[in-house]
Amino acid sequence: MINSFLANSFLDKISLNSIQKDAVCYDEGPQLVFAGAGTGKTRVLTAKIAWLIQNKNIYPNQIFAATFTNKAAREMQKRVEDLTSIPCYGLWIGTFHSLCARILRKEAEKIGYNSFFSIYDEADQISCIKKVAKSFNIDERNMSPKMLISKISKYKNYCIPPKQLAGHGQNYYEELVINAYSEYQKMLFKQNAMDFDDLITNCVYLFRENNDVAEYYQSLFKYILVDEYQDTNLAQFYLIEILSKKHKNIFVVGDDDQSIYTWRGARLENILTFEKKFPNTKVFKLEQNYRSTKGILDFANAVISGNKIRASKRLWTTQKGENDVTIVRYRNDQSEAESVTDCVSELIKNGVNPGNIAILFRTNAQSRLFEDSMRKRQIRYVLVGGISFYERKEIKDCLAYLRLCVNKKDDASCERILNVPPRSIGDKCREILIKKSKQKQKSLLETILEESDLSDYGRGQNGILEIKKLFSSIYAFQEKNISPYKILKFILTETGYITMYEEDDTEESQSRIENINELLNALAIWEKDNISKGLLEFLEEISLSTDIDRYEQKDDCVSLLTLHSAKGLEFSHVFIVGCEDGILPSTLNIDKEEMIEEERRLLYVGITRAMKYLQISYTDSRWRFGNLLPMEKSRFLYDIPKEYYNYIDKSNLYLFEEDFNTKVIQSPHKEKNKLDKSDYNSNNYKNEEDFSQERIEYKIGQMVFHKSYGKGRIVNISGFGNDMKMTVLFNNGTRIRLMAKFAKLET
DNA sequence: TTGTTTATTCTTTTT
DNA sequence: GAATAAACAA
């Protein structure tokens, strides 16, 4: 038969063990695949899609596959095409957010939007919620914009619209949040905009409220596949529950031990209760690890076994290896960076490919010291995350202009560029415009475009006229199908945006101009690759793509990334740095056991990235938030049997004077930093005795007793000696910052 | 209205 | 320490 012939041909191209093969070829309803780290999860998922297309004769556009990054989606699609030799253009593969955006672009009208809606990122969200907060007179001290956004996000993760909550607040504050939520949604709707959460929830609402639409997609998608299922939230669960209702072919892959996004609404329960939610589920467990040596795996198992909430499993491997895990103690963050970089340099000298080496950290802020020391040694590196290219001011300005070209109602973007470059439109003129737009029930830009007499705008009228002219020409261009690249170019010259930076001759402005040129380049290349697509698609790709999507494992570059963005990647040599209490686990997550468990999983994810060699380090002190803080080895490193790792104490490793001087000369930082750094250095030499004494007295996490507040725990310490302050969380719930020398705490 | 200085706040991870 | 907001001078 043709089928079996084809089946063999494609299964030959990809090697699978018997469990993997069973998982790929099973075809009787819901399937849950527990796939531990390095067990070939992606391989199974890819083979599954290929198998469906080739053996089950399912069309690519009948498959809905949610991956965790867009990059993974692209790679998987390409691999499937290689395996099947069938072009998979119509395949629905991407992140939940991009898949939902794709559906919503088609169905926007059914929920009152139009298909040119803008997608708002966190910065846009914050600027909107600030306005809402202002209109409700919410005091920022009590409720920060970020907090409001996260509360609203929580409601959205549960797919609860504001109208369902109205009047159900348990107290005054909850009621306030609900009102703000309601107002915020109205605001976005007016601007024809959705935030990230809306992409998912609006899809769910769309299906809930439009039976015919739901039925259409239910019959279209014969198969639903979800990768990294442990990191899905409730809204995403509702979505796949709806979509799989008709054919009941749902295939999810995940690993509860690698769930690291519960802070963003992901629910471990999704994977742990999958069998209950989808009757007749067949479970597969992949436990053979093909990535790491036995030494690394034993260590990983030892770390993760400290968690209570997990499905039982144990990874194993046939790859031998000992002495491949090392724990190192350093004196401070700077010597950690220097020494780790030395190790990296040594590895490269010994022939290890830089692309096979990664340095992983908990927070983006930790990357700087490593960047400095790598630059000093002229080792090339790629940094993932931090301030991404598309978050830069100048780029966001350009994008705001472009967004307005697509969506006239995007007030957030309009306000952003109103006076950039400066055109004498200050607060007053802006107020007038906002007032007028409210009267007219139109958006800001629409109001400007319709205005014939501009005298109301006073000193700003010329600026308003400029904007009016600019966008009138742009809309005329668009009718003539002028390319996005040319439009951006036109905007830049017409507004004098680049001239603005050229005029002030600083390094900063120079780099801004370079960034803008880079954006122009990116746009030009994108146009070539996507002839059939337009500005709308370009903007969508940008707003839904992350740094990790753009990251390429380059052979000649060492990778610097956060533990979160390292998920799904592998390297032969891995350094996990800053493994200290307060960092990993983060101070902000040490109050609750579930959060500690998540932090432990984060470490586990980092460990299991390593194939051959793993080095974990911690330091005695660290320069943070402008203070030198004493640090403690991470709690996760206790209770690991000693035979699983080597231990090296480099805490007596000093930075030599001349070493420091060369650093100052080569340091790219400003004059000001030099002083700070030398302070830091001398501090270390002179105050050594006080330093060690203070260190013994109080530690983060330590239980203390206070006369009036009772028992409590130190959650943070800053400063030394007489300046030492600490934050104590008392059992009665109060959280207070105390001067150590006055507090008279009993230990 | 604009640019500069000072004060203050808040420090995580990301679609 | 950095980024943002508020206050102030030009």
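Order of the sequence lines fixes the chain letters, A, B, ..., with proteins taken first and strands second; residue numbering starts at 1 for each chain.
- In summary, the aromatic rings of A:Tyr261 and A:Phe68 are positioned with their centroids under 6.0 Å apart.
- Atom CZ of A:Arg392 and atom P of C:dA3 are 12 Å apart (whole Å).
- Of the candidates B:dT1, B:dT14, B:dT2, B:dT14 carries the atom nearest the A:Trp263 side chain, counting heavy atoms from C-beta on.
- Closest approach to the A:Lys130 side chain among C:dA5, C:dG1, B:dT11 is made by C:dA5 (side chain taken as heavy atoms from C-beta onward).
- Nearest-nucleotide assignment on DNA chain B puts the 5′-proximal partner with A:Ile425, out of A:Ser543 and A:Ile425.
- Ring orientation note: the planes of A:His97 and A:Phe196 are nearly perpendicular, at an angle over 60° on the 30°/60° scale.
- In this structure, A:Met595 atom CE and B:dT12 atom C1' are separated by 11 Å, rounded to whole Å.
- Counting only heavy atoms from C-beta on, A:Arg264 has its side chain closest to B:dT14 among B:dT14, C:dT4, B:dT13.
- Contact check, A:Thr562 against B:dT14: a side-chain N or O comes under 4.0 Å of OP1 or OP2.
- A:Gln258 has its CD atom 16 Å from the C1' atom of B:dT13, to the nearest Å.
- For the pair A:Glu570 and A:Thr608, the minimum side-chain heavy-atom distance is 4.5 Å or more.
- Summarising the geometry of A:Asp124 relative to A:Ile119, their closest heavy-atom pair is OD2-O, 4.4 Å, with the distance given to 0.1 Å.
- Nucleotide C:dG1 holds its P atom 12 Å from the CG atom of A:Leu628, rounded to whole Å.
- Put simply, A:Lys567 has no side-chain N or O that comes within less than 4.0 Å of OP1 or OP2 on B:dT13.
- A:Leu418 places its CG atom 14 Å from the C1' atom of B:dT1, with the value rounded to the nearest Å.
- Closest-nucleotide positions on DNA chain B for A:Cys429 and A:Asn589 were compared, and the one nearer the 5' end corresponds to A:Cys429.
- Atom OH of A:Tyr501 and atom P of B:dG3 are 11 Å apart (whole Å).
- The C1' atoms of C:dA5 and B:dT12 are separated by 23 Å, rounded to the nearest whole Å.
- Computed from coordinates, the A:Asn462 CG to B:dT2 C1' distance equals 17 Å when rounded to whole Å.
- Looking at A:Arg403, A:Gln125, A:Gln191 one by one, the single match for side-chain hydrogen bond (donor to acceptor under 3.5 Å, both in side chains) with A:Tyr120 turns out to be A:Gln191.
- As judged by a 4.0 angstrom heavy-atom cut-off over every strand, A:Asn419 is placed among residues touching the sugar-phosphate backbone only.
- Between the CD1 atom of A:Ile583 and the P atom of B:dT12 there is a distance of 12 Å, given to the nearest Å.
- Distance alone, capped at 3.5 Å, is enough to place a donor-acceptor pair between the A:Asn307 side chain and the A:Glu597 backbone.
- Regarding contacts with the backbone of B:dT11, every side-chain N or O of A:Asn364 stays at 4.0 angstrom or more from both OP1 and OP2.
- You'll find that the side chain of A:Tyr261 is closest to B:dT14, out of C:dG1, B:dT12, B:dT14.
- With distances taken from any side-chain atom of A:Arg368 to the nucleotides B:dT1, B:dT13, C:dA2, the minimum falls on C:dA2.
- Proximity note for A:Lys428 (side chain, C-beta onward) versus B:dT12, B:dT1, B:dT2: the nearest is B:dT1.
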